[in-house]
Amino acid sequence: MPELPEVESLVRGIRTDLIGRSFSKIEFYRKDLRETIPQKRLRQILLGEIIHEVVRRGKYFLIGTNQGFLGVHLGMSGRFVKSDSTQPQVAHTHACFEINSDTQFRYIDPRRFGRLFSVEKNEKNDHPFLAGLGVEPLDKTIDLAKYLFQKSRTRKQPIKNFLMDSSVVVGIGNIYASEALWLSKIHPEQPANTISRNDFSRVADAAREVLNQAIAAGGTTFRDYRDKDGNPGYFQKNLSVYGKVTKPCSRCGGEVLRLTLAGRSTFFCSFCQKLKINN
DNA sequence: ATTTTCTCCTGCATGC
DNA sequence: TGCATGCAGGAGAAAA
């Protein structure tokens with residue numbers, strides 16, 4: 001899916017279109033995505049109600065009125081696109097949220113790994129999809145390095161899997177996990193509980209750096225991601241290891257390799273990201 | 001308790 | 001060209 005930078009880019013884009021407006025018509029073209037869509041409740045929450053909030057939480061985003069929230073997850077291939085009402089619908093359009101007779105937002109998701117759900121007014125931190133989420137990596141009120149170090153003491157799984165665990169820290173998916181570890185010169189298979197406090201400082205700084213840079217570039221488009229206007233992001237031009245198998249590392253010239261961790265492609269430089277036996 | 005595996009689904013690249 | 005295979009940025013549930 002889109003990871004944190006892509007969802008953040010999208011949310012920033014749609015926020016100005018939605019705040020202070022309301023949906024006048026909502027259409028669903030199928031009854032379920034990953035779960036049954038609560039169509040009736042979503043209409044109650046949204047129709048004719050002023051939108052006062054559009055926020056991201058991890059890779060989810062919420063559109064809020066005084067009645068509650070529409071929760072959205074884009075899965076792997078989801079898009080939330082602002083369209084002119086006269087534009088023909090593309091394949092896999094599953095829902096349409098109309099603001100007025102010529103502007104609507106369409107939810108499109110070929111793989112249907114995404115979700116549309118309702119969140120009650122006071123359920124923002126208690127909804128099952130949101131309650132278990134870890135910290136926001138860009139939250140400046142959190143000492144991310146300290147937090148990750150403490151959380152990792154009982155975790156011997158590879159650091160890359162640890163960084164992608166959304167109950168620990170949200171928003172870091174397969175691309176940015178590899179990129180952040182490259183930037184901090186740590187091997188993706190390094191057991192999380194063998195990483196020093198000092199090294200976690202580098203990991204935390206690197207993760208924030210990569211995420212911020214990616215947001216600034218409008219996200220990464222490998223294949224599916226588009227912003228609300230259907231445009232791709234540009235951060236893929238700045239990727240250092242993701243998808244760069246056998247290419248030379250831009251930092252040291254070493255060979256970039258691919259391995260599989262938890263079933264996911266993982267990329268790293270075989271020369272400047274060495275496994276440490278003692279740490 | 002932690003960690004890996006499985007699963008949902010379509011589209012696309014690759015190789016025979 | 002057609003067909004089979006594998007892979008794709010997620011994440012929850014189940015199994016180990």
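Below, chain A is the first sequence line, B the second, and so on; all start at residue 1. The figures that follow rest on heavy atoms only: side chains count, while hydrogens, waters and symmetry mates do not.
Comparing dG6(C) with dC6(B), their P atoms sit 14 Å apart, to the nearest whole Å. Using P as the reference atom, dA11(C) and dA1(B) are 23 Å apart when rounded to the nearest Å.
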If a pair means Watson-Crick or G-U wobble with both distances below 3.5 Å, what does DNA chain B look like in dot-bracket form, with | marking bases paired to a different strand? .|||||||.|||||||

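For Glu35(A) and dG10(C), the CD to P distance is 17 Å, given to the nearest whole Å. Following rounding to the nearest Å, Leu33(A) (CG) and dG12(C) (P) show an atom-to-atom distance of 15 Å. Taking atom CD of Glu6(A) as the reference point, atom P of dG10(C) lies 9 Å away to the nearest angstrom. Rounded to a whole Å, the CZ atom of Phe222(A) is 16 Å from the P atom of dC12(B). If you take CE of Met76(A) and C1' of dC7(C), they are 9 Å apart, rounded to a whole angstrom. Put simply, CZ on Arg264(A) is 9 Å from P on dA11(C), counting in whole angstrom units.
By the ring-ring contact (aromatic ring centres under 6.0 Å, His included) test, Tyr107(A) is found to be paired with no residue, residues two or more places apart in sequence or in another chain being considered. Phe117(A) is linked by a ring-ring contact (aromatic ring centres under 6.0 Å, His included) to Tyr60(A), His127(A), Phe129(A), counting only residues two or more places apart in sequence or in another chain. For Ile45(A), the side-chain contact (heavy atoms from CB on, under 4.5 Å) criterion is met by Arg41(A), Thr65(A), Gln67(A), Ser118(A), Glu120(A), not counting sequence neighbours. Evaluation of the side-chain contact (heavy atoms from CB on, under 4.5 Å) rule for Lys247(A) yields Lys244(A) as partners, not counting sequence neighbours. With sequence neighbours left out, Gln39(A) forms a side-chain hydrogen bond (donor to acceptor under 3.5 Å, both in side chains) with no residue at all. When the ring-ring contact (aromatic ring centres under 6.0 Å, His included) test is applied to Phe267(A), the partners found at least two apart in sequence or on another chain are Tyr242(A).
Each side chain to side chain donor-acceptor pair (under 3.5 Å) pair with one or both residues in residues 18-27 of chain A, not counting sequence neighbours, appears once here: Glu27(A)-Tyr29(A).
Ring orientation note: the planes of Phe235(A) and Tyr176(A) are tilted relative to one another, at an angle of 30° to 60°.
Each of Leu133(A) and Ile175(A) was assigned the nucleotide of DNA chain C with the nearest heavy atom; the assignment lying further toward the 5' end belongs to Ile175(A).
Applying the under-4.5 Å side-chain rule to Ile, Leu, Val, Met, Phe, Trp and Tyr, the cluster around Met164(A) consists of that residue alone. Cluster partners of Phe268(A), by chain and number: Leu257(A), Leu259(A), Leu261(A). The rule joins Ile, Leu, Val, Met, Phe, Trp and Tyr whenever side-chain heavy atoms lie under 4.5 Å apart.
Within the nucleic acid shown, Tyr225(A) comes within 4.0 Å of at least one base atom, counting heavy atoms only.
The two residues Arg43(A) and Ile26(A) have their closest heavy-atom pair at NH2-O, 2.9 Å.
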Grab the N/O contacts between the protein and nucleotides 14-16 of chain C below 3.5 Å, and write none if there aren't any.
none

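Distances shown here put a side-chain N or O of Tyr60(A) below 4.0 Å from the OP1 or OP2 atom of dG12(C).
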Nucleotide by nucleotide, nucleotides 2-11 of chain B touches protein heavy atoms under 4.0 Å in the pattern (B base, S sugar-phosphate only, - none) SSS---BBBB

